[in-house]
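We count ligands from 1, going down the list as the structure has it; atoms in each ligand are counted the same way. The shown structure was predicted, so the numbers you read here are calculated from the model rather than taken from an experiment. Computation of the quantities below employed the complete heavy-atom set of this structure, encompassing side-chain atoms and omitting hydrogens, waters and symmetry-equivalent molecules.
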Amino acid sequence: MFRQRSGSSLCYACGKLNRADAAVCFYCGRRNPGLWGFGPAIGRLIGGLDFAGLVTVVSVVLYILSIALDPSAAFRARGTLEILAPSDRALNALGMAGAYPWLQGRWWTVLTAIYLHGSLLHILFNLLWVRQLVPDVEEVYGRARTVVIFTVSGVVCFLVSDLVGTPLTVGASGAIFGLLSAMVWYGRRRGGFFGSAVLRQYGAWAIVLFVLGLLSGTGVNNWGHAGGLLGGFLAAFVMGPIHERGEQGADRVVAGAALALTAVAFGLQLWTAFVSR
Ligand SMILES: [Zn+2]
C-alpha cells in the first residue's frame, strides 16, 4: 500500500519516469530514484496535505492535553492573558522549549514547542495567523516548501531562545514570523507592482506584530520572534518560490522528513516524560 514495488515511478530528484525498482535514475543517475518504493506515497502524502488543518488539529489536541494534565492550574486565571493557561509543569511534560530543557539535553523540544500554547488567547491568535498565512505561502512556495519554512522557522526561533537563555517558552509565533519573512523575501525578489504590494502588505504585518511583541513586555519571546524571521528568510532564500523552480520530489522528501522528525520529537518527549522516569 505505502510501498510501490512494480510499474514505474518518478525520480525524486529530476521528476522523470523510471521503473519503480530501478537502482539508479536512467536520466540523472541519482541512486534509488523511487526511494525504495516509498517515493510515490511521500508524493501523495505531501501533495494532498492540508498543512494549516494539521497544525490546527495538533495544536488544539495538545492544548487540551496540557490543560487536562494540570486542570487546577489552568482554571486559576488572574487576567485575560491567563485564561485557560496550562501550567509550566504540564507544558514541560509535553515538550516546552527554553534554556532549561536545552541544558537537560532535550534538543527535540525546539520542534515540539512549536505546537504548544500558553493560554487561550495565545492559541487563538496564533492559529488565526497560521490559517491566514499558510495558504498564502503555499501559493508562492508550494505545499512542501511551506512545511519546511514553517518547521525551520520554529526550530530557529527556539534555538535562538535557548541560546540567549529564555528559561521556558512555547508557541507557533516564531514559525508565523517565518511565514511572514518568507512572503517579504518573495515580494522583494519578485519586484514590480505585484511584488512591491506583497512586500508592503506582509512587511507591515511583520513590523506591527514584532513591535507589538516588544511593547507587551515580559512573557513575550522577542528573541524567538527574531529567530523565526531569520529562519523563514533562510529557508525561503535556499529553496526559492515555485515560479522559479517547480515543486519536485526532493521538496516533498524534505517536507516529509520535517514532519517525520517532528513526530519523532514528540515520541522522544512523551517517552522521557511519561515512560522512562
Ligand atoms: Zn532522476
Task: For the Zn ion (ligand 1): protein N/O/S atoms at distances below 2.8 Å - done: 4

TODO: Examine His225 together with Phe177 and report whether their ring centres are nearer than 6.0 Å.
DONE: yes

- [ ] Show which residues join Val61 in its hydrophobic cluster (side-chain heavy-atom contacts under 4.5 Å, direct or indirect), or state none.
- [x] Val57

TODO: Using the six-membered ring wherever Trp is involved, compare the ring planes of Phe150 and Tyr115 and label them parallel, tilted or perpendicular (cut-offs 30° and 60°).
DONE: tilted

Task: Centroid-centroid under 6.0 Å between His117 and Phe125 rings - done: no

TODO: Give, for atom CZ of Arg106 and atom OG1 of Thr112, the distance between the pair rounded to the nearest 0.5 Å.
DONE: 8.0 Å

TODO: Mind checking the CH2-CG spacing from Trp129 to Leu209? Nearest 0.5 Å is all I need.
DONE: 4.5 Å

